[in-house]
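Heads up, the thing below is written out as structure tokens.
Computed from a predicted structure; not experimentally measured.
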Amino acid sequence: MGNSALRAHVETAQKTGVFQLKDRGLTEFPADLQKLTSNLRTIDLSNNKIESLPPLLIGKFTLLKSLSLNNNKLTVLPDEICNLKKLETLSLNNNHLRELPSTFGQLSALKTLSLSGNQLGALPLQLCSLRHLDVVDLSKNQIRSIPDTVGELQVIELNLNQNQISQISVKISCCPRLKILRLEENCLELSMLPQSILSDSQICLLAVEGNLFEIKKLRELEGYDKYMERFTATKKKFA
């Protein structure tokens with residue numbers, strides 16, 4: 001991509017606060033954005049070939065609310081990304097991430113996190129520190145189990161479709177705000193699904209198709225009637 005075209009995008013972004021440059025074959029995060037650290041609210045660099053984020057630059061976007069880097073080649077995130085104190089939406093679908101920075105819990109304004117199609121082997125514990133997190137998409141990763149710490153998650157919707165999950169902590173029933181739990185196409189036996197999800201949780205939409213049991217067997221479990229009461233009461237929202 002030519003420098004003049006990039007300059008034009010930078011000039012536009014200076015006025016709008018939005019920098020969008022998708023499908024351009026970029027291999028690096030544009031250094032020219034250094035000029036816009038104090039006025040960008042949105043950056044979208046999806047569908048490129050970016051392999052890393054510049055640590056000294058990425059943490060300087062003090063007003064940034066939305067960062068999208070879907071379909072790139074990122075393998076790690078620098079700790080400095082956690083300096084984005086106003087970031088509300090982070091989309092990193094279809095990269096090569098295996099873990100999140102230990103300081104990820106400092107992204108205190110984060111509401112929506114999309115990490116579908118990465119290489120995460122575990123549920124990131126750092127997410128439990130994020131009090132405003134509403135929606136987390138961890139589908140299409142390599143997560144095998146859901147640990148006890150899941151009970152501290154504040155999310156409303158948790159998408160774990162297409163992982164390798166065979167074990168779920170009963171603590172998932174303690175999530176105070178969890179309404180939608182997606183567990184389709186995992187490795188769950190019916191005996192590994194905590195009954196308290198049905199009888200004693202806030203969950204009103206449980207998606208478990210494509211596991212190692214027939215859905216009709218789920219309907220025979222104790223507590224299923226309580227789950228259906230919650231589902232029926234709220235299904236209009238999901239129509």
Side-chain angles (χ1 to χ4, degrees), residues 1-118 120 124-138 153-157 177:
M1 178 178 171
N3 281 342
S4 57
L6 181 57
R7 262 201 308 274
H9 279 277
V10 169
E11 286 170 16
T12 302
Q14 214 148 13
K15 299 168 192 164
T16 62
V18 176
F19 185 82
Q20 191 175 67
L21 207 55
K22 302 193 286 187
D23 301 295
R24 297 301 180 100
L26 296 178
T27 54
E28 294 181 344
F29 190 90
D32 288 33
L33 295 189
Q34 177 84 45
K35 306 166 190 168
L36 304 175
T37 51
S38 59
N39 64 338
L40 279 187
R41 293 185 305 279
T42 300
I43 295 176
D44 189 349
L45 291 165
S46 297
N47 306 326
N48 282 293
K49 298 174 182 177
I50 298 169
E51 295 184 8
S52 63
L53 300 177
L56 296 177
L57 176 55
I58 194 65
K60 291 182 177 176
F61 295 95
T62 50
L63 297 181
L64 199 65
K65 289 195 167 187
S66 176
L67 176 59
S68 297
L69 287 154
N70 300 321
N71 300 302
N72 274 284
K73 296 186 173 184
L74 297 173
T75 54
V76 292
L77 297 176
D79 286 343
E80 287 79 2
I81 199 170
C82 305
N83 296 336
L84 303 176
K85 301 301 184 194
K86 299 208 170 176
L87 195 67
E88 296 179 0
T89 302
L90 179 57
S91 296
L92 296 162
N93 298 325
N94 302 315
N95 278 279
H96 307 297
L97 298 169
R98 294 178 181 272
E99 59 185 5
L100 299 179
S102 59
T103 51
F104 199 80
Q106 294 174 13
L107 288 171
S108 52
L110 200 61
K111 294 179 180 178
T112 303
L113 175 63
S114 300
L115 284 162
S116 179
N118 278 279
L120 298 171
L125 302 182
Q126 301 92 315
L127 304 186
C128 296
S129 310
L130 297 170
R131 294 295 174 224
H132 299 288
L133 202 54
D134 292 332
V135 179
V136 174
D137 185 355
L138 296 170
L153 267 183
Q154 298 291 317
V155 297
I156 297 170
E157 177 171 354
R177 301 170 70 220

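Taking CD of E88 as the reference point, atom CG of L64 lies at 10.0 Å (rounded to 0.5 Å). Rounded to the nearest 0.5 angstrom, H132 NE2 and K111 NZ are separated by 8.5 Å. The OG1 atom of T75 sits 7.5 Å away from atom CG of L97, with the distance rounded to the nearest 0.5 Å. To the nearest 0.5 Å, the span separating CG on L100 from CG on L107 amounts to 9.5 Å. Taking CD of E157 as the start and OG1 of T112 as the end, the distance is 9.5 Å to the nearest 0.5 Å.
Between the side chain of R177 and the main chain of L133, a donor-acceptor pair closer than 3.5 Å is present. Distance alone, capped at 3.5 Å, is enough to place a donor-acceptor pair between the N48 side chain and the G25 backbone. The backbone N or O of S116 lies less than 3.5 Å from no partner atom in the side chain of D137, so there is not a single donor-acceptor pair. Between the side chain of N71 and the backbone N or O of S46, no donor-acceptor pair lies under 3.5 Å.
For residues 41-55, the set of pairs meeting the salt bridge (charged side-chain N to carboxylate O under 4.0 Å, His left out) definition, not counting sequence neighbours, comprises K22-D44. Pairs engaging residues 97-107 under the side-chain hydrogen bond (donor to acceptor under 3.5 Å, both in side chains) rule: R98-Q119 [sequence neighbours left out].
Heavy atoms only, all atoms of each residue included: I50 and F29 are closest at CG2-N, 4.1 Å. When all heavy atoms are compared, the tightest approach of P101 to I81 is CG-CG2, 4.4 Å. For the residue pair L77 and L92, the shortest heavy atom distance occurs at CD1-CD1, 3.8 Å. For L130 against G105, the heavy-atom pair with the smallest separation is CD2-O, 3.5 Å. Closest of all the heavy-atom pairs between S108 and K85 is OG-O, 4.2 Å. Residue L74 comes nearest to N95 through the heavy atom pair N-OD1, 3.0 Å, listed as atom of the first residue, atom of the second, then distance.
Between T16 and T42, the closest side-chain pair of non-hydrogen atoms is not below 4.5 Å. Taking the side chain as every heavy atom from C-beta outward, Q34 and L57 approach each other to under 4.5 Å.
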Evaluate the criterion side-chain contact (heavy atoms from CB on, under 4.5 Å) for residue pair F61 and L87; output intermediate values, then yes/no. CA-CA 9 Å; F61 295 95; L87 195 67; over 6 Å; no
Give the C-alpha distance, both sets of side-chain angles, the deciding distance and a yes or no for side-chain contact (heavy atoms from CB on, under 4.5 Å) between L113 and F104. CA-CA 11 Å; L113 175 63; F104 199 80; 3.9 Å; yes
Between N70 and N94, is the side-chain hydrogen bond (donor to acceptor under 3.5 Å, both in side chains) condition met? List the steps. CA-CA 6 Å; N70 300 321; N94 302 315; over 6 Å; no
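The number of heavy-atom neighbours closer than 6.0 Å to NZ of K73, taken from other residues, nucleotides and ligands shown, is 12 or below.
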